[in-house]
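Comments concern the structure below.
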Amino acid sequence: MARVDDAAEILEQINKVRQVRQYEDKPVPDDVVNQLLEVARWTGSSRNTQPWHFIVVDDREKLRQISQLRTPINWVADASLAIAIVLHGENENSEAYDEGRVTERIMIAAHMLGFGAGTAWYGDDPLREKAKEILGIPAERTARSVVAIGHRISAKDPRPNPAMSGRHPLSEIVSQNTFGATRKG
Ligand SMILES: Cc1cc2nc3c(=O)[nH]c(=O)nc-3n(C[C@H](O)[C@H](O)[C@H](O)COP(=O)(O)O)c2cc1C
């Protein structure tokens, strides 16, 4: 495949993808949701098992109930919608990996389309069970998270205990050939 013309711009935008927790009270158009679902569908997975099902949640009461599962995700109530990721529940490790991949792709696609997105985890087992009840998810399936989507107001973390912002420099997280050996170049 030929090099993408605007690769530098695309990479710059990928680096700008943030966890968005503050949204305007405005719907996300259906064609945008469809594009996000198509990106989700094309995500690679372990042995191409595609171990997922996606629930588009735009029912305000369900979004509110999910947001109430635990305080760190209370901002989900303000999202226009959420895409709940439901895994087959057949391989814990690979499905957790696949869930991370599809989450990130949805977040990147939302950003590229001019929207904001954020991952929200339900919490421990009892909270996951509650989430499954809210969304009518069969008992044998795994459900851990939604990706909230909406018109971004800000990517500032408004929670009383915000997560650390920024990233570690490459010099702290990259080695060459041997763990801890300084990378040249
Ligand atoms: C496994 C996982 C769980 C997360 N859980 C929450 C959460 O419960 N609430 C929340 O607001 N953000 C949650 N996040 C988002 C992280 O806080 C966010 O990715 C991190 O702070 C970096 O944000 P930034 O890209 O905006 O800098 C979670 C992220 C991951 C990968």
Side-chain angles (χ1 to χ4, degrees), residues 9-25 28 36 39-40 43-46 51-55 57 60 62-89 91-135 137 141-174:
E9 165 68 10
I10 292 171
L11 294 182
E12 191 184 332
Q13 289 305 321
I14 288 175
N15 290 342
K16 283 185 176 163
V17 175
R18 294 276 91 77
Q19 168 86 355
V20 174
R21 304 178 179 90
Q22 297 182 65
Y23 302 98
E24 289 176 53
D25 182 12
V28 172
L36 298 178
V39 165
T43 301
S45 57
S46 170
W52 37 53
H53 180 95
F54 304 102
I55 308 176
V57 187
R60 301 249 48 98
K62 284 187 193 291
L63 288 169
R64 192 194 65 77
Q65 288 174 15
I66 291 167
S67 79
Q68 296 300 301
L69 289 173
R70 56 185 194 97
T71 318
I73 64 166
N74 59 10
W75 47 271
V76 170
D78 298 330
S80 305
L81 61 97
I83 298 177
I85 302 170
V86 183
L87 287 319
H88 288 175
N91 186 324
E92 197 180 339
N93 281 343
S94 65
E95 289 180 9
Y97 187 94
D98 296 338
E99 182 178 13
R101 288 186 76 183
V102 75
T103 296
E104 190 65 16
R105 285 203 190 188
I106 294 171
M107 289 181 64
I108 292 169
H111 175 83
M112 295 291 191
L113 292 166
F115 295 83
T119 179
W121 275 37
Y122 307 137
D124 58 15
D125 281 345
L127 293 176
R128 288 179 193 179
E129 292 311 312
K130 273 197 194 170
K132 281 161 93 171
E133 272 173 42
I134 295 166
L135 298 173
I137 298 169
R141 301 288 181 109
T142 299
R144 257 186 298 257
S145 69
V146 297
V147 186
I149 320 249
H151 296 258
R152 160 184 167 148
I153 292 178
S154 160
K156 247 186 105 186
D157 188 345
R159 299 174 301 170
N161 295 309
M164 185 197 77
S165 64
R167 299 292 188 264
H168 299 302
L170 285 179
S171 57
E172 282 181 19
I173 58 170
V174 179

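This is a predicted model, so every value here is computed, not measured. As the structure lists them, so they are numbered: ligands from 1, and atoms in each ligand from 1.
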So, is [X] polar-close to ligand 1, with some N/O to N/O distance under 3.5 Å?
X      : answer
Pro72  : yes
Arg21  : yes
Trp121 : no

- Query: Does the protein put any heavy atom within less than 4.0 Å of atom 13 (C) of ligand 1?
  - Reply: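 Within 4.0 Å: yes, protein heavy atom nearby.
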
- Do you see a protein non-hydrogen atom under 4.0 Å from atom 7 (C) of ligand 1?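 Within 4.0 Å: yes, protein heavy atom nearby.
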
What is the closest protein heavy atom to [atom], and at what distance does it sit?
atom                    : answer
atom 28 (C) of ligand 1 : Thr119 CG2, 3.7 Å
atom 23 (O) of ligand 1 : Gln19 CB, 3.8 Å
atom 21 (O) of ligand 1 : Ala163 CB, 3.4 Å
atom 27 (O) of ligand 1 : Arg167 NH1, 2.9 Å

So does [X] have more than 12 non-hydrogen atoms from other groups sitting under 6.0 Å from [atom1]?
X      : atom1 : result
Asp25  : CG    : no
Glu92  : CD    : no
Lys132 : NZ    : yes

- Task: Report the part of Ile73 (side chain from C-beta onward, or backbone N, CA, C, O) that has a heavy atom under 4.0 Å from ligand 1; answer both or neither where that applies.
- Result: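 Within the 4.0 Å criterion, Ile73 contacts ligand 1 through side-chain atoms alone.
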
- Does some side-chain heavy atom of Val147 sit less than 4.5 Å from a side-chain heavy atom of Ile85?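 Yes, side chains in contact.
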
- Judged by non-hydrogen atoms, does Ala155 sit under 4.0 Å from ligand 1?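 Ala155 does not count as a contact of ligand 1 under the 4.0 Å cut-off.
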
- Indicate whether any N or O donor in one side chain lies under 3.5 Å from an N or O acceptor in the other, for His88 and Glu95.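 There is no such pair between these side chains.
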
- With rounding to the nearest 0.5 Å, note down the distance linking CG in Leu36 to CD1 in Ile106.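 If we round to the nearest 0.5 Å, Leu36:CG and Ile106:CD1 are 7.0 Å apart.
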
